[in-house]
Amino acid sequence: MGETRGLLGPAEVRELAGRLGVRPTKTLGQNFVIDANTVRRIVRAAELDPDDVVIEVGPGLGSLTLALLPEVRRVVAVEIDPVLAAELPATAAAREPELAGRLEVLRADAMKITQIPGPAPTALVANLPYNVAVPVVLNLLAALPSLRKALVMVQAEVADRMVAPPGNKIYGVPSVKLAWYGDARRAGPVGRAVFWPAPNVDSGLVAFARREPPATRASRDQVFAVVDAAFAQRRKTLRAALAGWAGSAAAAEEALRAAGVDPRTRGEALDVASFARIAEYGPSGRGGSPHDPPAAAPGDAADPDESEDDGEGAFADGAGEDPGRGDDPARGGGTHRDGRGGVL
């Protein structure tokens with residue numbers, strides 16, 4: 001890896017934050033990365049090539065940005081905060097003057113991005129806001145098919161959900177939807193001491209490699225509708241959980257059997273290819289469209305052992321985060337955020 005002379009350390013982070021009027025507090029879930037070895041480790045784990053075009057979400061003060069610039073052709077830093085977005089080019093010019101031309105700062109909401117100007121991005125490398133980590137990843141993978149790999153830092157529990165295999169008790173919507181796009185794995189833990197102030201949650205690195213989705217006649221939206229329905233009532237058998245999606249429990253059973261899935265199975269046992277097969281035989285797969293679950297029809301009552309429902313709630317949209325596991329338990333949703341919304 002190339003030289004990274006301009007990386008920010010504890011003193012530089014505090015000085016820059018002070019000059020910008022950014023005061024990190026646990027109440028606001030603001031945490032600055034102050035350890036240069038951590039950002040070097042993230043860049044190493046990303047396995048970047050010199051020709052890569054990297055998209056970084058939430059660059060904040062620029063700790064990770066400065067480590068990326070020597071390694072790749074271009075860095076597109078997506079920052080929603082106007083103060084941080086305006087300052088980042090100046091930081092790069094001051095600390096890496098020969099490389100600052102590789103940086104483009106895009107002031108935007110990563111949740112709403114549909115395209116990136118210039119050369120197509122090939123890699124995502126970011127320390128993501130924990131309360132929106134999975135939706136950001138899923139949106140970028142859907143919007144930017146040129147992305148072939150990713151290395152993201154997220155809350156440790158979210159990392160576990162992202163990489164969980166079928167049959168695991170934490171396997172759910174984030175696991176399946178990410179698996180539609182490719183293969184994810186844990187790439188190591190990150191301690192709390194590398195942040196200022198130190199958060200109350202651990203962090204983890206997730207590495208991702210894109211591959212083709214399962215071969216299926218169903219669209220991605222049709223498959224994801226089945227996934228959402230299956231995990232909205234995850235303790236129920238698929239016959240019961242998919243009743244609303246299919247129109248009735250009997251119709252759900254018909255679709256399941258046609259797909260070669262035992263109707264008594266629960267969603268946590270299926271891989272993404274199985275959900276794709278089910279989608280082919282449901283109302284959407286037959287040319288209809290997903291709809292809100294209707295009230296249960298007579299005779300469609302759930303099995304007796306399915307009376308307790310622990311649907312994924314926020315996880316159903318792919319979020320994967322636990323809003324109560326932030327830096328401030330009373331507030332919920334803390335993130336390793338850098339000032340007014342940027343990360344690192």
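All values derive from a computational prediction rather than experimental measurement.
Aromatic ring orientation, Phe224 versus Tyr181: perpendicular (interplanar angle above 60°, classes split at 30° and 60°).
Shown here are the side-chain hydrogen bond (donor to acceptor under 3.5 Å, both in side chains) partners of Asn168, two or more places apart in sequence or in another chain: there are none.
Taken from CZ in Phe275 to CZ in Phe231, the straight-line distance is 4.0 Å, to the nearest 0.5 Å. Here the CG-CD1 distance, from Leu144 to Ile113, works out to 7.0 Å after rounding to the nearest 0.5 Å. Atom-to-atom distance recorded for Leu66:CG and Leu99:CG is 9.5 Å, nearest 0.5 angstrom. Atom CD in Glu87 sits 8.5 Å away from atom CG in Leu61 (nearest 0.5 Å). In this structure, the separation between CG on Leu20 and CG on Leu84 is 6.5 Å, given to the nearest 0.5 Å. For the atom pair CZ (Arg234) and CD (Glu268), the distance works out to 5.0 Å, reported to the nearest 0.5 Å.
Ser248 places no side-chain N or O within donor-acceptor distance of the main-chain N or O of Ala243, the cut-off being under 3.5 Å. Within the 3.5 Å criterion, the main-chain N or O of Ala126 finds no donor-acceptor partner in the side chain of Glu56. Of the possible donor and acceptor atoms, none in the side chain of Asp52 sits under 3.5 Å from a partner among the backbone N and O of Arg73. Under a 3.5 Å cut-off, the side chain of Asp109 and the backbone N or O of Met111 do form a donor-acceptor pair. Remark: the backbone N or O of Leu68 is not paired with any side-chain donor or acceptor of Glu71 at under 3.5 angstrom. Between the side chain of Arg277 and the backbone N or O of Ala259, at least one donor-acceptor pair lies under 3.5 Å. Here the side chain of Asp183 pairs no donor or acceptor atom with the backbone of Arg211 at under 3.5 angstrom. Judged by distance alone, the side chain of Thr122 and the main-chain N or O of Val53 form a donor-acceptor pair under 3.5 Å. With Arg235 contributing its side chain and Arg266 its backbone, the two residues share no donor-acceptor pair below 3.5 Å.
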query = Can Lys177 and Asp228 be said to form a salt bridge (Lys or Arg N to Asp or Glu O under 4.0 Å), step by step?
reply = CA-CA 10 Å; Lys177 290 186 176 180; Asp228 288 337; 3.0 Å; yes

request  = Mind running side chain to side chain contact (heavy atoms under 4.5 Å, CB included) on Val154 and Met162 for me, showing each step along the way?
outcome  = CA-CA 10 Å; Val154 298; Met162 292 173 72; 4.1 Å; yes

query = Can Asp35 and Arg41 be said to form a salt bridge (Lys or Arg N to Asp or Glu O under 4.0 Å), step by step?
reply = CA-CA 10 Å; Asp35 181 56; Arg41 178 185 166 204; over 6 Å; no

task = Dump the intermediate steps for side chain to side chain contact (heavy atoms under 4.5 Å, CB included) on Val190 and Leu205, then the final yes or no.
result = CA-CA 7 Å; Val190 178; Leu205 299 177; 3.9 Å; yes

key: Stepwise side chain to side chain contact (heavy atoms under 4.5 Å, CB included) check, Leu238 with Arg264   = CA-CA 6 Å; Leu238 286 172; Arg264 296 169 296 180; over 6 Å; no

task = Show your working on side chain to side chain contact (heavy atoms under 4.5 Å, CB included) between Val223 and Trp180 and close with a plain yes or no.
result = CA-CA 9 Å; Val223 176; Trp180 171 268; 3.8 Å; yes

task = Would you sort out whether Glu253 and Arg257 count as a salt bridge (Lys or Arg N to Asp or Glu O under 4.0 Å), showing the intermediate values?
result = CA-CA 6 Å; Glu253 179 170 349; Arg257 292 195 183 280; 3.0 Å; yes

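Side-chain N/O atoms of Gln155 and Ser203 include no donor and acceptor closer than 3.5 Å. In this model, no donor atom of one side chain and acceptor atom of the other lie less than 3.5 Å apart for Thr265 and Asp262.
Here the closest heavy-atom approach between residue Asp81 and residue Glu79 is recorded as N-OE2, 2.9 Å. Residue Thr65 comes nearest to Pro59 through the heavy atom pair OG1-CB, 3.4 Å, listed as atom of the first residue, atom of the second, then distance. Across all non-hydrogen atoms, the minimal contact from Val57 to Ala110 is CG1-CB, 3.6 Å. Residues Ala230 and Ala241 share a closest heavy-atom pair of O-CB, 4.0 Å. What you find for Ile170 and Ala164 is that their closest heavy atoms are CG1-CB, 3.9 Å. For the residue pair Gly6 and Arg95, the shortest heavy atom distance occurs at O-NE, 2.6 Å.
In this structure, Val176 and Tyr171 have side chains that are in contact, with non-hydrogen atoms separated by less than 4.5 Å. For the pair Leu147/Ile55, a side-chain contact is recorded, criterion being any heavy-atom separation below 4.5 Å from C-beta on. Between Val152 and Asn127, every side-chain heavy-atom pair lies at or beyond the 4.5 Å cut-off. Using a 4.5 Å cut-off on side-chain heavy atoms (C-beta onward), Leu178 and Phe208 make contact. Residues Ser274 and Asp271 meet the side-chain proximity criterion, which asks for heavy atoms closer than 4.5 Å. By the 4.5 Å heavy-atom criterion applied to side chains, Val54 and Pro121 are not counted as neighbours. The shortest distance between side-chain heavy atoms of Ile34 and Val194 does not fall below 4.5 Å.
With respect to Glu15 and Arg19, a salt bridge is recorded, a charged nitrogen being found less than 4.0 Å from a carboxylate O.
Partner of Val206 under the side chain to side chain contact (heavy atoms under 4.5 Å, CB included) criterion, chosen from Asp160, Val163, Val158: Val163.
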